[in-house]
Amino acid sequence: MILIAPAILQGLLFGYAATYDLTSVPYALVDQSHSQESTELLARIDGTGVFQRQATLANNAQIADQIDSGNVVLAISIPSDFASRLGAGEAAPVQVILDGRNSTTAGTAASYIAEVVGSLNAERGVRSPITITQRAWYNPNLESRWTIMPALIAALSILQTLLLSALSVAREREQGTFDQLLVTPLTPIQLMIGKAGSPIVIGLVQSTLILLLIRFWFQVPMNGSYLLLYFGLLSFTGAAVGIGLSISAVALNMQQAMLYTFFLIMPLMLLSGLLTPVSNMPQVLQIATYANPLRFGIDIVRRVYLEGAQFSDIAFNFIPLMAIALVTLPLAAWLFRNRLA
């Protein structure tokens, strides 16, 4: 099982989750032209099967809410003089506003739209009457470093957090001090809280080191609140520690704890949205990501760091993190109690 199961599982996850091909790009539309020409352009975009219109807006001021909430990857704005410019043989610009928090997805989506516009221009037999004016929010130059580095604040810290918490009880059992816990006046819940304290602190310290590296060495600007960022990291780390302690309570020794941890860390990374968006994954894997604290930790960090999001903007992420912690920490205590019995 050790030789075969991980290879098959990771191969399937890489095949389905780690893909840079865009299969679903939700977008918002502001069509102030309402002309035959704009209808033809939008029919070409919708006809690709990649772009799904998520919202039709009345004006450009409504675009911010759609992109900030993550409902859409991009917004297309067609000006009122679009048809008249084409009729006069002038260049007719179409503005495409991209969510730069995921530079890979935004860049690929922009190139798809450019291909559609280029194909339409070629069929119309004119040089380039329809032009694309591209603007990326939160990452003006679509630098991949701006997308990846903030996410590492959560992604790198979970490695040590999971491993330390997974080894905590297993180490007691292997060194023979596990039985000494029987004579302490502490309850299993209190013991779990004590075991969770050190990994949480170490996880936050590691996140701080990565944050300082990103902010002052790589010069990626921080746009949000440090207080909100650390509140999100604390919630995320608590959920990760709950998973680690559950592993620790099941493992009979440190070797088993390490094996379980390394077996788990790869799926957590692949299903987190670190490199490829969750929306591109099959539906069953998208559902599975709700049990992955790293998905929500990365989303919190990216939105607070790059976007400057407020608590109301990211409040949804705290619900699954709290649910994971409320399930795994009592589960670890229950397993621990049964081990003691």
Side-chain angles (χ1 to χ4, degrees), residues 1-19 148-149 151-175 177-178 192 195-207 209-210 233 235-276 278 281-282 284-299 301 320-321 324-325 327-329 331-333 335-336 339:
M1 290 298 294
I2 293 175
L3 295 175
I4 297 174
I8 294 176
L9 176 61
Q10 292 171 11
L12 291 172
L13 288 176
F14 270 105
Y16 285 107
T19 173
I148 296 174
M149 294 300 290
L152 294 181
I153 295 174
L156 293 183
S157 67
I158 197 176
L159 296 172
Q160 291 293 335
T161 300
L162 266 181
L163 187 60
L164 289 175
S165 55
L167 291 176
S168 58
V169 177
R171 179 174 177 272
E172 297 275 5
R173 188 177 291 113
E174 187 172 301
Q175 293 184 347
T177 57
F178 185 76
M192 286 297 99
K195 291 293 184 182
S198 296
I200 289 177
V201 171
I202 292 173
L204 292 176
V205 169
Q206 288 190 336
S207 295
L209 294 176
I210 300 167
L233 287 173
S235 303
F236 156 70
T237 306
V241 166
I243 295 175
L245 288 176
S246 297
I247 295 174
S248 186
V250 170
L252 297 176
N253 50 54
M254 295 176 67
Q255 286 77 16
Q256 279 192 6
M258 292 178 65
L259 178 63
Y260 296 157
T261 300
F262 288 125
F263 180 79
L264 183 63
I265 199 65
M266 182 64 73
L268 292 181
M269 288 291 184
L270 289 175
L271 298 177
S272 67
L274 174 63
L275 298 176
T276 57
V278 174
M281 301 176 189
V284 64
L285 292 183
Q286 292 186 36
I287 296 173
T289 60
Y290 282 93
N292 183 5
L294 188 55
R295 170 192 172 178
F296 304 101
I298 286 178
D299 189 63
V301 172
L321 288 177
I324 293 171
V327 170
T328 55
L329 289 173
L331 175 63
L335 291 171
F336 188 72
R339 291 290 186 181

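Just so you know, residue 1 is the first one in the sequence shown, and it goes up from there. What's counted below: heavy atoms across the whole structure, side chains too, no hydrogens, waters or symmetry copies.
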* Is there a side-chain contact between Leu159 and Met269, using heavy atoms and a 4.5 Å cut-off? -> yes
* Asked: So do the side chains of Ile265 and Ile158 get within less than 4.5 Å of each other, counting heavy atoms only?
  -> yes
* Any chance you could measure Leu294, atom CG, to Thr289, atom OG1, to the nearest 0.5 Å? => 11.0 Å
* Ser248 side chain to Leu245 main-chain N or O, any donor-acceptor pair under 3.5 Å? -> no
* Structure fact -> Distance col, row Asn253:CG vs Met258:CE, nearest 0.5 angstrom, shows 11.0 Å
* Structure fact -> In terms of heavy-atom contacts, Ala239 and Leu321 come closest through CB-O, 3.7 Å
* Structure fact -> Nearest heavy-atom contact between Ala166 and Thr261 is CB-OG1, 3.3 Å
* Please report the shortest heavy-atom distance between Gln206 and Gln160, naming the atom on each side. => NE2-CG, 3.0 Å
* Asked: Mind checking whether Ser157 and Phe236 have side chains closer than 4.5 Å, heavy atoms only?
  -> yes
* To do: Please report the shortest heavy-atom distance between Gly244 and Leu162, naming the atom on each side.
  => N-CD2, 3.6 Å
* Structure fact -> In short, Leu167 meets Ala257 closest at the heavy-atom pair CD2-CB, 4.0 Å
* Structure fact -> dist Thr237:OG1 -> Ile202:CD1 (nearest 0.5 Å) comes out at 11.5 Å
* Do Leu233 and Val301 touch side chain to side chain, with heavy atoms closer than 4.5 Å? -> yes
* Leu264 side chain reached by Ile243 side chain, heavy atoms, under 4.5 Å -> yes
* To do: Drop me the distance from Ile200's CD1 to Leu164's CG, to the nearest 0.5 angstrom.
  => 12.0 Å
* **Point-to-point distance, once rounded to the nearest 0.5 Å, from CG of Leu268 to CZ of Phe263** => 11.0 Å
* Structure fact -> All heavy atoms of Pro199 vs all of Val241, minimum pair found to be CB-CG2, 3.8 Å
* Heavy-atom distance under 4.5 Å between the side chains of Met281 and Leu271, does that happen here? -> yes
* Structure fact -> Separation between CG (Leu204) and CG (Leu209), nearest 0.5 Å, reads 11.0 Å
